[in-house]
Amino acid sequence: MTLFPDMVADGLNTSIIGRAAAKGLLSIETVNIRDYAFNKHSSVDDYPYGGGAGMLMQAEPVYQAYKAVEDKIGRKPRVVYLSPQGKCFSQSLAKEYAREDELVLLCGHYEGIDERVLEEIVTDYVSIGDYVLTGGELPAMVIVDAVSRLVPGVLHNDISAEFESFQENLLEYPQYSRPEVWHDKKVPEILLSGHHANIEKWRREQSILRTALLRPDLLSKAELTEKEKVLAKSVQV
Ligand code: SAM
């Protein structure tokens, strides 16, 4: 639900997500809140009571747009309001949303949306980070992208979503492709060995080292053996 449906549709119509939608693995529909404007000028925003800068999206068009979606789905859906005041979006929330049959994303614009309609229809308040954007469209696209790639069949091979950053609270290990030597830098020997068990062991160690260096906050939530904890400590200051 947005005032700028083209922005969302154009942005999600390409590459992996666009192909998945074309194949029918998922479907992305935009609802133009302006279509539910109740005055002849099609305006959907007004000045905030009590004064202050900017305009606010009015409750009624948002509510009517929501009602149309609810009627179409036939039940009350989960409604995510993109807001810098929400809880921070994460890979685990993406996994949770990927299990939903329907997910409604509500994009604010201007100074946001009249609080009363939010109280009536929103189930989740989600932020994509501690900064303020002009609208909820980019955050909604971030969520659709992260959730869609977890839908079975969307990635070429489901294994590619199996281990990556944030799974098990670790960052992904470094990866290399051809050529074997580039700018005098050689691919780590172990990756050329064909020894799968050793490669797995090396990758796990690299994940731990990388997480210890770059995201020690994550590492504290990861399940590590005693030996792995010692390894992590070796790079932490
Ligand atoms: N006045 C609001 C406040 O201070 O909390 C900010 C409104 S912002 C300019 C306009 C819209 O952009 C919001 O209604 C929200 O939908 C979206 N938005 C801005 N920053 C966001 C963020 N970090 N995460 C998610 N949505 C965001």
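Each ligand, and each atom within it, is numbered from 1 in the order the structure gives.
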(request) For Glu100, look at atom CD and say whether over 12 heavy atoms of other residues, nucleotides or ligands are found less than 6.0 Å away. (result)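 Above 12, so yes.
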(message) Taking 4.0 angstrom as the limit and counting only heavy atoms of Tyr110, give me the atoms of ligand 1 inside it, by number and element.
(response)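 Near Tyr110, the atoms of ligand 1 are 7 (C), 8 (S), 9 (C), 10 (C).
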(message) Show me which atoms of ligand 1 lie under 4.0 Å from any heavy atom of Val126.
(response)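 Per the distance check, 25 (C).
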(message) I'd like to know whether ligand 1 has Asp130 as a neighbour, heavy-atom separation below 4.0 Å.
(response)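 Asp130 does not count as a contact of ligand 1 under the 4.0 Å cut-off.
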(request) Starting from atom 16 (O) of ligand 1, find the nearest protein heavy-atom neighbour and note its residue, name and distance. (result)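 I find the closest protein heavy atom is Leu82 O, 2.5 Å.
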(request) Please identify which atoms of ligand 1 are closer than 4.0 Å to at least one heavy atom of Val132. (result)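 Contacts of ligand 1 toward Val132, numbered from 1: 8 (S), 9 (C), 20 (N).
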(message) Polar contacts were defined as any N/O atom of the residue lying under 3.5 Å from an N/O atom of the ligand; does this apply to Cys107 and ligand 1?
(response)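 For ligand 1, there is no N or O atom that lies under 3.5 Å from one belonging to Cys107.
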(message) Looking at every non-hydrogen atom in both residues, tell me the closest pair between Glu70 and Pro77 and how far apart they are.
(response)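 Closest approach of Glu70 to Pro77: CG-CD, 4.2 Å.
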(message) Give the atom numbers and elements of ligand 1 that come within less than 4.0 Å of a heavy atom of Glu111.
(response)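 The atoms of ligand 1 under 4.0 Å from a heavy atom of Glu111 are 1 (N), 2 (C), 7 (C).
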(message) Tell me whether Glu180 at atom CD has more than 12 heavy atoms from other residues, nucleotides or ligands lying less than 6.0 Å away.
(response)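 No.
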(message) A quick test of your reading: do over 12 heavy atoms of other residues, nucleotides or ligands sit less than 6.0 Å from CD1 of Ile16?
(response)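 No, because the 6.0 Å sphere around CD1 of Ile16 holds 12 heavy atoms or fewer from other groups.
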(request) Output the list of atoms in ligand 1 that are nearer than 4.0 Å to some heavy atom of Gly112, sorted by atom number. (result)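 Checking each atom against Gly112, I get 14 (O).
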(request) Decide whether an N or O pair under 3.5 Å exists between Leu106 and ligand 1. (result)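 In this structure, Leu106 places no N or O atom under 3.5 Å from an N or O of ligand 1.
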(message) Quick check: Ile128 and ligand 1, any N/O pair under 3.5 Å apart?
(response)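 Between Ile128 and ligand 1 (N or O atoms, distance only) the closest approach is under 3.5 Å.
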(request) Give the residue, atom name and distance (to 0.1 Å) of the protein heavy atom nearest atom 23 (N) of ligand 1. (result)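 Minimum-distance protein heavy atom for atom 23 (N) of ligand 1 reads Tyr131 O, 2.8 Å.
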(message) Does ligand 1 come near enough to Tyr81 that some N or O of the ligand is less than 3.5 Å from an N or O of the residue?
(response)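 It does: an N or O of Tyr81 is found under 3.5 Å from an N or O of ligand 1.
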(request) May I ask you to check whether Ile113 has an N/O atom sitting below 3.5 Å from an N/O atom of ligand 1? (result)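 No - when backbone and side-chain N and O of Ile113 are compared with those of ligand 1, no distance drops under 3.5 Å.
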(request) Enumerate the atoms of ligand 1 whose separation from the nearest heavy atom of Gln85 is less than 4.0 angstrom. (result)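 Under 4.0 Å from Gln85, ligand 1 has these atoms: 3 (C), 5 (O).
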(message) For Glu223, is the CD atom crowded, meaning more than 12 foreign heavy atoms sit under 6.0 Å from it?
(response)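 Not buried by this count: 12 neighbours or fewer within 6.0 Å.
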(message) Other residues, nucleotides and ligands only: do more than 12 of their heavy atoms fall within 6.0 Å of CG on Asp71?
(response)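 More than 12 within 6.0 Å, yes.
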(request) Answer yes or no: does atom NZ of Lys186 have more than 12 heavy-atom neighbours from other residues, nucleotides or ligands under 6.0 Å? (result)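 Yes.
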(message) With salt bridge (charged side-chain N to carboxylate O under 4.0 Å, His left out) as the test, pick out the partner of Glu102 among Arg75, Arg78, Lys72.
(response)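 Exactly one pass, corresponding to Arg75.
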(message) Give the atom numbers and elements of ligand 1 that come within less than 4.0 Å of a heavy atom of Gly136.
(response)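 Here the atoms of ligand 1 in question are 12 (O), 16 (O), 17 (C).
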(request) Over 60° means perpendicular and under 30° means parallel, so classify the ring planes of Phe4 and His109, tilted if in between. (result)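 Rings of His109 and Phe4: tilted, 30 to 60°.
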(message) Is there a polar contact between ligand 1 and Leu133, counting only N or O atoms under 3.5 Å apart?
(response)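 Right, the criterion is met.
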(message) Could you check whether atom OH of Tyr176 has more than 12 heavy atoms from other residues, nucleotides or ligands sitting under 6.0 Å from it?
(response)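 Yes, OH of Tyr176 has more than 12 neighbouring heavy atoms, counting only those of other groups under 6.0 Å.
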(request) List every atom of ligand 1 that sits less than 4.0 Å from any heavy atom of Ser83, numbering the atoms from 1 in the order shown and giving each element. (result)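 Matching atoms, with element in brackets: 24 (N), 25 (C), 26 (N).
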(request) State, to 0.1 Å, how close Val62 and Met1 come at their nearest heavy-atom pair, and which atoms those are. (result)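 Minimum heavy-atom contact is O-CE, 3.5 Å.
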(message) Checking a contact table here: which protein heavy atom is nearest atom 27 (C) of ligand 1, and how many Å away?
(response)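 For this ligand atom, the closest protein heavy atom is Pro84 CD, 3.6 Å.
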